[in-house]
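Shown next, in structure tokens, is the structure this report addresses.
Along the sequence shown, residues carry numbers from 1. Remember, it's 1-based here, ligands and their atoms both numbered in the order they're listed.
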Amino acid sequence: MEITEENNFRDTIGTIKDDGKRNVIYPKKPKGKLTNYRTYVSWVLIASLFAAPFVKINGNQFLLFNVFERKFNIFGQPFWPQDFYLLVLSMLVGVVFIILFTVIFGRIFCGWICPQTIFMEMVFRKVEYAIEGDRTKQIKLDKQSWNAEKIGKKSIKWTIFFIISFLISNAFLAYFIGGDTLIEHITAGPSAHLGTLLKLLVFTGVFYFVFAWFREQVCIIVCPYGRLQGVLLDNKSINVTYDHKRGEGRQKFRKNEDRAAEELGDCIDCDQCVQVCPTGIDIRNGTQLECVNCTACIDACDAIMDNVGFERGLIRYASENDIEKGEKLSFNIRILSYTVVLSLLFVFLITLIFLRNDVQANILRLPGQLFTTQGDTIRNIYTYKLINKTNNFYDDLKIKLISHKGNIQVIEGKISLEKNNLHEGTLFIKISKKDILSSKEKLKIGIYSNGELIETDKTNFPAPIKIE
Ligand code: SF4
Ligand code: SF4
């Protein structure tokens with residue numbers, strides 16, 4: 001397509017000027033029904049984000065991603081590095097879910113759920129409006145010289161930004177080191193845990209940079225999900241869309257005009273949808289990669305439509321086909337097949353999680369050790385690892401042979417397994433020569449708690465080729 005004056009928005013980014021410099025965006029404060037709904041949703045999400053590292057289910061942190069100690073909890077379910085396949089599968093289901101959701105509902109996630117948008121528009125931007133005022137006042141303040149007013153307002157704003165960034169970084173760190181550990185480190189004082197303080201300051205710096213300066217560029221330049229929109233969206237995807245059929249030809253509103261007679265569209269070219277846009281685009285140019293579906297332009301346009309007495313919805317949630325052919329969203333074959341695929345994946349994942357044993361055993365032969373003969377028995381030495389994925393304490397676990405008659409001698413004697421912990425040790429397995437049929441017997445071993453079999457594992461038992 002040839003790039004012209006009219007369509008050069010497809011070849012440029014709203015936040016970068018022609019000379020390559022940053023085009024600072026001063027969005028007008030949005031008001032309206034959808035903005036109110038988004039505000040309520042943001043309260044719930046922010047509360048959940050701060051609460052999740054401190055809420056516990058069965059004594060387990062609700063969400064934990066402790067990569068340092070390799071401990072992971074998802075919805076209160078502990079995952080060990082041995083469960084990595086489940087984590088990978090959960091991520092795959094998550095990716096498929098996001099893809100399917102995006103194909104149908106476009107970037108609703110960006111506008112309503114993404115933490116970047118929530119914190120930027122619902123927290124930092126609101127602080128900015130409260131201190132510096134709306135768009136025109138902000139532009140004026142930035143243009144004026146550094147007088148007492150500007151220094152005062154900017155200092156207060158930056159200080160509050162820093163405090164909020166510090167709070168976010170505390171919550172963020174709690175996901176990695178655990179909510180209890182964070183509280184412990186805070187109560188012990190910064191000097192007792194300088195490493196934690198350093199991490200907090202680094203995270204604070206990153207959040208401050210993102211929300212005070214980098215802002216909408218995260219969505220436009222950095223976010224991989226944003227980049228994927230071009231391949232995920234199609235004519236049936238729901239997006240914040242300008243109804244160009246109804247809106248064009250746009251023209252300023254004049255009192256007592258007869259727009260129908262003059263064959264004018266409903267867009268009165270008031271520019272309000274552009275002024276409220278936090279990514280600096282004009283939605284009337286069509287779907288653009290910068291649009292995070294924040295709904296600010298829907299509210300702005302609806303308010304204008306009310307003022308001039310036109311029907312609301314000139315900018316609304318709609319698909320390309322809705323605008324072009326009047327096709328409404330219906331539960332068609334495409335949505336049905338995507339839903340079936342997603343449901344199957346989800347059921348598969350849940351089944352794997354529920355089939356997962358509470359205690360996992362790994363019994364391996366000690367490398368480099370040969371079998372030994374003791375009278376009429378053959379003996380091999382093994383290492384064992386028992387992982388307790390629950391909050392139960394297992395006292396006096398027993399390891400016994402299931403497939404063969406024989407004897408297992410645990411070097412440590414008694415095996416106790418603390419909650420969410422692992423126990424490693426060494427054991428000998430002795431089997432009578434008459435019960436060995438091959439040079440590499442396959443053994444099945446059981447782990448018992450109070451006489452109940454709770455886990456099994458398989459291993460090899462080397463023996464002489466010719467048993468006398
Ligand atoms: S707010 Fe509505 S009427 Fe005003 S310019 Fe945008 S689309 Fe046109
Ligand atoms: S075009 Fe509308 S929905 Fe998209 S980012 Fe701008 S204001 Fe938000």
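Residue-ligand proximity, R284 to ligand 1, at heavy-atom distances under 4.0 Å covers atoms 5 (S), 7 (S). Within the listing of ligand 1, atoms 3 (S), 5 (S), 7 (S), 8 (Fe) sit less than 4.0 angstrom from a heavy atom of C267. The distance from ligand 2 to the heavy atoms of I283 drops below 4.0 Å at these ligand atoms: 1 (S). Within ligand 2, the atoms closer than 4.0 Å to a non-hydrogen atom of I281 are 1 (S), numbered from 1 in the order shown. Every atom of ligand 1 is numbered from 1 in the order shown, and the set under 4.0 Å from a heavy atom of M305 is 3 (S). If you number the atoms of ligand 1 from 1 as listed, the ones under 4.0 Å from a heavy atom of C273 come out as 1 (S), 5 (S), 6 (Fe), 7 (S). Every atom of ligand 2 with a heavy atom of T279 under 4.0 Å away is listed here by number and element: 5 (S).
When distances to atom 8 (Fe) of ligand 2 are checked against a cut-off of 2.8 Å, C297 contributes no N, O or S atom below that limit. At least one N, O or S atom of C270, from either the backbone or the side chain, sits less than 2.8 Å from atom 4 (Fe) of ligand 1.
Under the 6.0 Å distance and 45° angle rule, K199 counts as a cation-pi partner of F68. Annotation: cation-pi geometry not satisfied between R38 and W43 (NZ/CZ under 6.0 angstrom from ring centroid, within 45° of ring axis).
D306 has a carboxylate O that lies under 4.0 Å from a charged side-chain N of R312, or vice versa, which qualifies the two as a salt bridge. A salt bridge between E128 and K157 is present, with a side-chain N of the basic residue lying under 4.0 Å from a carboxylate O of the acidic one. Of the charged side-chain nitrogens involved, none lies within less than 4.0 Å of a carboxylate oxygen, so that D134 and K28 do not count as a salt-bridged pair. Salt bridge E262/R254: present, at least one basic N to carboxylate O contact under 4.0 Å.
In this structure, the protein non-hydrogen atom closest to atom 6 (Fe) of ligand 2 is C277 SG, 2.3 Å. In this structure, the protein non-hydrogen atom closest to atom 2 (Fe) of ligand 1 is C301 SG, 2.4 Å. In terms of protein heavy atoms, atom 4 (Fe) of ligand 2 is closest to C291 SG, 2.3 Å. Of all protein heavy atoms, the one closest to atom 5 (S) of ligand 2 is V292 N, 3.4 Å. Scanning all protein heavy atoms for the shortest distance to atom 3 (S) of ligand 1 gives I268 N, 3.4 Å. The shortest contact between atom 8 (Fe) of ligand 2 and any protein heavy atom is with C294 SG, 2.3 Å.
Heavy atoms of N293 found under 4.0 angstrom from ligand 2 belong exclusively to the backbone. Under 4.0 Å from ligand 1, the heavy atoms of I315 that appear belong solely to its side chain. By the criterion of a heavy-atom distance under 4.0 Å, neither the backbone nor the side chain of R250 is placed next to ligand 1.
Note: I186 CD1 to L197 CG = 10.5 Å, rounded to the nearest 0.5 Å.
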Self-check item: salt bridge (Lys or Arg N to Asp or Glu O under 4.0 Å) between E132 and K154, intermediate numbers included
Solution: CA-CA 8 Å; E132 295 185 354; K154 293 284 180 193; 3.0 Å; yes
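Side chain to side chain, T390 and N388 meet the donor-acceptor criterion of an N or O pair below 3.5 Å. No side-chain N or O of Y394 forms a donor-acceptor pair with one of H423 less than 3.5 Å apart. Judged purely by distance below 3.5 Å, without hydrogens or angles, the side chains of T39 and N36 never pair a donor atom with an acceptor atom.
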